[in-house]
Amino acid sequence: MLQWRLLRLSLITMCFLCPLTSAHLDRQELVALAKIVRTMGATLNSSVDPCESKTLVISDSKPGLDQNKVVCNCHPNPSTCHITILVLRMYSLPGTLPPQLVDLPYLEELDLTRNYLEGTLPKEWATMKFLRSISLAANRITGEIPREWGSFTNLTSLSLEANRLSGNIPAELGNLVNLTVLILSSNKFVGNLPEKLAAMKNLTDFRISGNNFSGSIPQFIGNWTRLKRLELYATGLEGPIPNGIFHLEALNDLRITDMNGANFFPEYLPHKDYMKNLVLRNVNMSGSIPPIIWEMKKLSVLDVSLNRLKGNFPSIPHVPEFTFLGGNMLSGTVPDSILDEDKYIDLSYNNVTWPCQKNTVNINFYGCSSQTASSGIHQCPSKPNCKNKYHSFHINCGGENVTITDNSGKFSYDGDDYVGSASTNYVSGSNWGYSSTGVYMDNDKKAPMFTISNSSKLSMDCSELYMTARRAPTSLIYYGFCLENGEYTVRLHFAEIEITDNEAYRSLGQRIFDIYIQGKLEWKDFNIMEEANGTGKPVTKQINVAVTDNMLEIRLYWAGKGTTSIPKKGTYGPLISAISACHSMLSISDPFL
Ligand SMILES: *[C@@H]1O[C@H](CO)[C@@H](O)[C@H](O)[C@H]1NC(C)=O
Ligand SMILES: *[C@@H]1O[C@H](CO)[C@@H](O)[C@H](O)[C@H]1NC(C)=O
Ligand SMILES: *[C@@H]1O[C@H](CO)[C@@H](O)[C@H](O)[C@H]1NC(C)=O
Ligand SMILES: *[C@@H]1O[C@H](CO)[C@@H](O)[C@H](O)[C@H]1NC(C)=O
Ligand SMILES: *[C@@H]1O[C@H](CO)[C@@H](O)[C@H](O)[C@H]1NC(C)=O
Ligand SMILES: *[C@@H]1O[C@H](CO)[C@@H](O)[C@H](O)[C@H]1NC(C)=O
Ligand SMILES: *[C@@H]1O[C@H](CO)[C@@H](O)[C@H](O)[C@H]1NC(C)=O
Ligand SMILES: *[C@@H]1O[C@H](CO)[C@@H](O)[C@H](O)[C@H]1NC(C)=O
Ligand SMILES: *[C@@H]1O[C@H](CO)[C@@H](O)[C@H](O)[C@H]1NC(C)=O
Ligand SMILES: *[C@@H]1O[C@H](CO)[C@@H](O)[C@H](O)[C@H]1NC(C)=O
Ligand SMILES: *[C@@H]1O[C@H](CO)[C@@H](O)[C@H](O)[C@H]1NC(C)=O
């Protein structure tokens, strides 16, 4: 024991005696680093060597976040190391992007995800010969992608997701033939995708969702033979989807949503054995679902909802775990094989019939017809068999029963705490229900949170109603049934409680969805934070509508816009706190007026 201690002591002493064995960042790089950190809005403590500590010691550094990393190359001379990797994520750094980065000439990887950086992309960076990976996702960067970036010789991965970049994509970017990952989603890019991008044949991952591009999806994407993931949610581009895309042999994750144009499934798909996600939602697809889809053994998410697909169900050898077929014109009897308890199946808004005696926990038939209407009443509220007629309904979405009292009276809001699943049609004990569909694609699909609670104090009136909310990845429909016909006043109460602003980068989240009442689009690109002027603040939308068939339907739909990963992955889709609907004959005044 004593010997061991002595040995350890001498080892420590040795290290003090031989400073050459500890890493020292090159003097010039250290000076440059201090400037870089200052430009980004923090202060570097230069007395701690970043190569030695493997992190940057900076002012207002938030402890506990494992998002600060420095990697140095100390060969051959440990006294003059060079920074090769710099990671500073989730620091809400408030400054600008540092042009001085060029003074770290050996830098290979830069990751500044989830800060609060503004300014434009420095054109100087393109001269950095070793820089191969840049992530600036979730910042406030403005301006265009500089043409000069077309000469970024070693760049292989670029993510500019969730910023405020605008303008056209420069044709010069097509010179980056070695680029494998290009992510431009959630910005304000416009214009056509330039033909010169055709040369980027090394791309394996291409995402440009949530922009305002114009023109058709370029044919050349169908020539990017290495492509594995293609994500085009609400790009602004139009169909048709080039046939080449369906034939890309490496593709296993194809997502296109919310797009105009005439689209069809091709006869043949080569991905039978490895396609994992196939999302073609709200893209005006007609024709039928090709039988080969049901042979894709690895297919986990199939979402072809909100199209004009027709046809009966053939025999189905493999049912993907998440199968969303809602909002089409499918007909015929649903085969038993699809009614599997472990699968999440959405067949809402079709014209299908099904065996009612089946346990249908995660199967959503809302709005479908049924063979046995008498027992299927709750699964089929569009033709309810009502004993009583109601004049109102009140829902505290995602929460418990609450009673709101104020000087105009008492109001009871029904609890809505049945958590639900990726495909749910829930019917309450009174006269309302909800239909919820969708899966947070890039999160743990097994542990979604469809009901959420506030994580900080709320100070609005009737805060009980806003302390919980229901959310859904794609579609959330609340409906009232057995209502007396007539004119109703509908009030929808919202407060953004998932995106908070306790750290600056969090407030960059943009939840955007559409609201349909009785099938009519009433509020497009609705953004709670924008309307309420901040997070944790209430906003109420009110509308008068006619009920003519005893049903009132409020549909919230994520049409692919906004951010999806601020503050964390899977923060998007509709969210609502409370709903009330009252017949105009009821002269009840609501506490929210
Ligand atoms: C810099 O870090 C050293 C070592 O941790 C510490 O002693 C010193 O107080 C720090 N300086 C400032 C200005 O924070
Ligand atoms: C690209 O990086 C590699 C090392 O990763 C280096 O050998 C090469 O010289 C760089 N290319 C250019 C054009 O500088
Ligand atoms: C692409 O990468 C190869 C090998 O890494 C390199 O030789 C070539 O210069 C790169 N081309 C461009 C245009 O960056
Ligand atoms: C890019 O593709 C070319 C062939 O098209 C290939 O020679 C080169 O190595 C690829 N570069 C990378 C980084 O994979
Ligand atoms: C998108 O671009 C079109 C022109 O191509 C323009 O009319 C429209 O207003 C833009 N939309 C947004 C949300 O900026
Ligand atoms: C796709 O590649 C083929 C063969 O390399 C070429 O003939 C064709 O012109 C390319 N199409 C587009 C749209 O780039
Ligand atoms: C939908 O596709 C049909 C052809 O199948 C086409 O006539 C129609 O214009 C398309 N609608 C939109 C909005 O693109
Ligand atoms: C729904 O399907 C039934 C047969 O299953 C058919 O008689 C009926 O016409 C269909 N309705 C619509 C609107 O397509
Ligand atoms: C809410 O009240 C109803 C009766 O009005 C009751 O059936 C239900 O269990 C209550 N829900 C909760 C969450 O307390
Ligand atoms: C939610 O808001 C209520 C009302 O302001 C508050 O009492 C409660 O502490 C908040 N919950 C959390 C976790 O902050
Ligand atoms: C929005 O909130 C900010 C402070 O967070 C305030 O300065 C501004 O006046 C508010 N705008 C409106 C329209 O209420």
Side-chain angles (χ1 to χ4, degrees), residues 16 19 22-25 30-31 33-35 37-38 41-63 68 70 91-92 94 116 140 142-144 162-169 184-194 208-218 232-239 257-261 456-461 494-496 499-514 521 523-541 558-563:
F16 275 116
S22 66
H24 282 298
L25 179 59
L30 186 60
V31 173
L33 193 59
K35 283 191 193 150
V37 171
R38 200 174 316 130
T43 309
L44 181 71
N45 184 337
S46 301
S47 65
V48 183
D49 193 286
C51 294
E52 181 97 345
S53 66
K54 298 184 168 55
T55 60
L56 291 186
V57 178
I58 57 174
S59 59
D60 4 292
S61 151
K62 291 174 198 65
N68 177 337
V70 174
Y91 274 83
S92 292
Y116 203 57
R140 294 183 293 162
T142 48
E144 305 192 3
N163 277 287
R164 296 167 185 177
L165 291 155
S166 56
N168 290 276
I169 305 299
L184 304 176
S185 302
S186 307
N187 278 290
K188 296 175 180 170
F189 290 116
V190 297
N192 296 308
L193 292 179
I208 57 169
S209 301
N211 279 293
N212 194 16
F213 290 112
S214 46
S216 301
I217 301 184
L232 310 175
Y233 297 139
T235 56
L237 296 174
E238 295 198 343
T257 74
D258 309 292
M259 183 180 75
N260 289 335
S456 54
K457 209 168 149 18
L458 300 174
S459 56
M460 72 281 275
D461 289 347
F494 304 93
E496 182 56 70
I499 301 170
T500 53
D501 57 6
N502 48 357
E503 283 167 63
Y505 80 85
R506 291 173 161 262
S507 65
L508 298 175
Q510 282 201 303
R511 181 195 304 281
I512 296 176
F513 57 93
D514 293 341
L521 178 58
W523 292 285
K524 189 174 160 54
D525 296 340
F526 179 70
N527 181 336
I528 302 170
M529 272 165 74
E530 217 169 81
E531 298 246 350
N533 193 27
T535 65
K537 294 184 180 162
V539 54
T540 298
K541 298 308 263 187
W558 181 57
K561 296 191 185 165
T563 58

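All residue numbers in this chain count up from 1 along the given sequence. Basis for what follows: all heavy atoms, side chains included, without hydrogens, waters or symmetry-related copies. Whatever order the structure lists them in is the order used to number ligands and atoms, beginning at 1.
For atom 13 (C) of ligand 11, the nearest protein heavy atom (residue, atom name, distance) is Asn533 ND2, 4.2 Å. Considering only non-hydrogen protein atoms, atom 2 (O) of ligand 5 sits nearest to Asn212 ND2, 2.4 Å.
The aromatic rings of Phe189 and Phe213 sit parallel, their planes meeting at an angle under 30°, below the 60° perpendicular limit.
Between Leu33 and Leu56, the closest side-chain pair of non-hydrogen atoms falls below 4.5 Å. Contact annotation: the side chain of Leu237 approaches that of Ile208 to within less than 4.5 Å [non-hydrogen atoms, C-beta and beyond]. In this structure the side chain of Lys561 never reaches within 4.5 angstrom of the side chain of Asn211, judged on heavy atoms.
The atoms of ligand 1 that sit less than 4.0 Å from any heavy atom of Asn45 are 1 (C), 2 (O), 3 (C), 8 (C), 10 (C), 11 (N), 12 (C), 14 (O). With ligand atoms numbered from 1 in the order given, ligand 1 contributes 1 (C), 2 (O), 3 (C) to contacts under 4.0 Å with heavy atoms of Ser47. Against a heavy-atom cut-off of under 4.0 Å, Val48 is close to the following atoms of ligand 1: 2 (O), 4 (C).
Note that the CG atom of Leu458 and the OG1 atom of Thr535 stand 9.0 Å from one another [nearest 0.5 Å].
Taking the six-membered ring for Trp, Tyr116 and Tyr505 have ring centres at least 6.0 Å apart.
Protein heavy atoms are absent from the 4.0 Å sphere centred on atom 9 (O) of ligand 11. For atom 4 (C) of ligand 11, no protein non-hydrogen atom is found at a distance below 4.0 Å.
Not a single heavy atom of Val57 sits less than 4.0 Å from an atom of ligand 1.
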